[in-house]
There are 2 protein chains.
Amino acid sequence: MTAIKSSSTIQQNKKTALAMCPVTFTMEKIGSYWKPIIIYHLSEGSKRYSELKKAIPAVTEKMLIQHLKQLETDGLVIREARPVVPPYVTYQLSESGRQLLPVIHAMATWATAHM
Amino acid sequence: MTAIKSSSTIQQNKKTALAMCPVTFTMEKIGSYWKPIIIYHLSEGSKRYSELKKAIPAVTEKMLIQHLKQLETDGLVIREARPVVPPYVTYQLSESGRQLLPVIHAMATWATAHM
DNA sequence: ACAAGTACTTACCCTAAAGTATGTATCATT
DNA sequence: AATGATACATACTTTAGGGTAAGTACTTGT
């Protein structure tokens, strides 16, 4: 987890933008270019960590778990770990995560119309 | 305009993500946290540069024109300059820019439901 | 002569996000 | 005893985005 300097101007601007702009709030949650991809793949249903890795070959492991953790703490995905060896961990969209799908879908339709 | 290193892995990953994921394509166009705000303010209609500046006090001039230029070259906004002094420049959403409004709206509704 | 207004432009710096590489724990299998 | 599989963790480096500050052009008003 990267440490953030809450005193920096960037963070201050983000704060005010967040307070005033709901769109920016959503961007905060899904605004990296890996997160929408992860969410998209989870829209098909629950997936193991290794399945996600296979489904998204370009992502590095660091990025993958980093974003999965963020999505989890943001309440968008649910992590389930079975206490077995080797580990068996699955990720699935939460309710608010699923409610993001219209957003994802709206973006996808716009993109396909304008690529 | 910041020079970008097209050889970097980041850019390579973006390319493959763009080719495969329409959502990422949309993110490329509106994925900074100023762009959605700018688009939102232009959704009310054509605005002068100085009006946008007043409407979004936190944005610096550099960021504002930088993103306006990008939005223009991406075909999302239309710039009109009247050849007068002092300059009179207006910005408005293009057709594809207006078609983004459902996306913005979807994000806003999700945000207000989950803040 | 000089300030003011408008729409930029440019040079420089700082930070957060992303990438690279390597390491860890646990048990089953060979 | 070594290897493989799984799901991470962590130290270090690079890069793109954003911020700061200052300057430009052109004309009108004082």
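Everything quoted here is computed from the prediction, not taken from an experiment. Letters A, B, ... are given to chains in the order of the sequence lines, protein chains preceding strands, and every chain is numbered from 1.
A salt bridge (charged side-chain N to carboxylate O under 4.0 Å, His left out) check over residues 101-115 of chain A, counting only residues at least two apart or in different chains, returns nothing. Evaluation of the salt bridge (charged side-chain N to carboxylate O under 4.0 Å, His left out) test over residues 105-115 of chain A, restricted to residues two or more places apart or in two chains, returns none. The side-chain hydrogen bond (donor to acceptor under 3.5 Å, both in side chains) analysis of residues 92-101 of chain B, with sequence neighbours excluded, yields the pairs A/H114-B/Q99, B/E80-B/Q92, B/S94-B/S96, B/E95-B/R98, B/E95-B/Q99.
For the OP1/OP2 pair of D/dC8 and a distance below 4.0 Å, the side-chain nitrogens and oxygens of A/R79 include at least one atom meeting the criterion. The phosphate of C/dC8 has OP1 or OP2 within less than 4.0 Å of a side-chain N or O from B/Y91. Taking 4.0 angstrom as the limit, B/H67 places none of its side-chain polar atoms (N or O) nearer than this to OP1 or OP2 of D/dG17.
Residues passing the side-chain hydrogen bond (donor to acceptor under 3.5 Å, both in side chains) test with A/S32 are A/H67, sequence neighbours excluded. Under the rule for a side-chain hydrogen bond (donor to acceptor under 3.5 Å, both in side chains), the partners of B/K47 that lie at least two apart in sequence or sit in another chain are B/E44. Residues satisfying the salt bridge (Lys or Arg N to Asp or Glu O under 4.0 Å) criterion with A/R48, sequence neighbours excluded, are absent altogether. Taking the side chain to side chain contact (heavy atoms under 4.5 Å, CB included) definition, one finds that B/A106 meets it with A/V103, sequence neighbours left out. Annotation: side chain to side chain contact (heavy atoms under 4.5 Å, CB included) contacts of B/T112 (sequence neighbours excluded): A/P22. Shown here are the side chain to side chain contact (heavy atoms under 4.5 Å, CB included) partners of A/Y91, two or more places apart in sequence or in another chain: A/L42, A/Y49, A/L52, A/L68, A/V77, A/R79, A/V89.
Between A/R82 atom CZ and C/dA25 atom C1' there is a gap of 20 Å when expressed in whole angstrom units. The distance between atom CD of B/Q66 and atom C1' of D/dA16, rounded to the nearest whole Å, is 10 Å. In this structure, B/I56 places its CD1 atom 12 Å from P of D/dG19, rounding to the nearest Å. Rounded to an integer number of Å, the gap from B/M27 CE to C/dA18 P is 11 Å. We find that CD1 of A/I38 is positioned 13 Å from C1' of C/dA18, with the value rounded to whole Å. Taking atom CD1 of A/I65 as the reference point, atom P of D/dT6 lies 17 Å away to the nearest angstrom. A/L64 has its CG atom 14 Å from the C1' atom of C/dA18, to the nearest Å. Note: OH (A/Y88) to P (C/dA28) measures 18 Å, nearest angstrom.
Taking the screw axis at each terminus of the helix from C/dA1-D/dT30 to C/dT30-D/dA1 from five consecutive base pairs, the angle between the two is 30° to within rounding of 10 degrees.
DNA chain D lies under 4.0 Å from at least one heavy atom of each of the following residues of residues 39-53 of chain A: A/R48, A/Y49, A/S50.
B/L93 contributes atom CG, which lies 12.5 Å from atom OH of B/Y40 (distance to the nearest 0.5 angstrom). Distance check: B/H105 NE2 to B/L100 CG gives 14.0 Å after rounding to the nearest 0.5 Å.
Annotation: of the two residues near DNA chain D, B/V85 and A/L68, the 5′-most nearest-nucleotide partner is A/L68. Heavy-atom distances to DNA chain C give each of B/P87 and A/S32 a nearest nucleotide, and the one nearer the 5′ end belongs to B/P87.
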List, with names and distances, any nitrogen or oxygen atoms from the protein found under 3.5 Å away from nitrogen or oxygen atoms belonging to nucleotides 19-24 of chain C.
from, atom 1, to, atom 2, distance (Å)
C/dG19, OP1, B/N13, ND2, 2.5
C/dG19, OP2, A/W34, NE1, 3.4
C/dG19, N7, A/K62, NZ, 3.0
C/dG19, O6, A/K62, NZ, 2.3
C/dT20, OP1, B/T9, OG1, 3.4

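Side-chain atoms of B/K29 and B/Q70 form no donor-acceptor pair, as typed in the model, at a separation below 3.5 Å.
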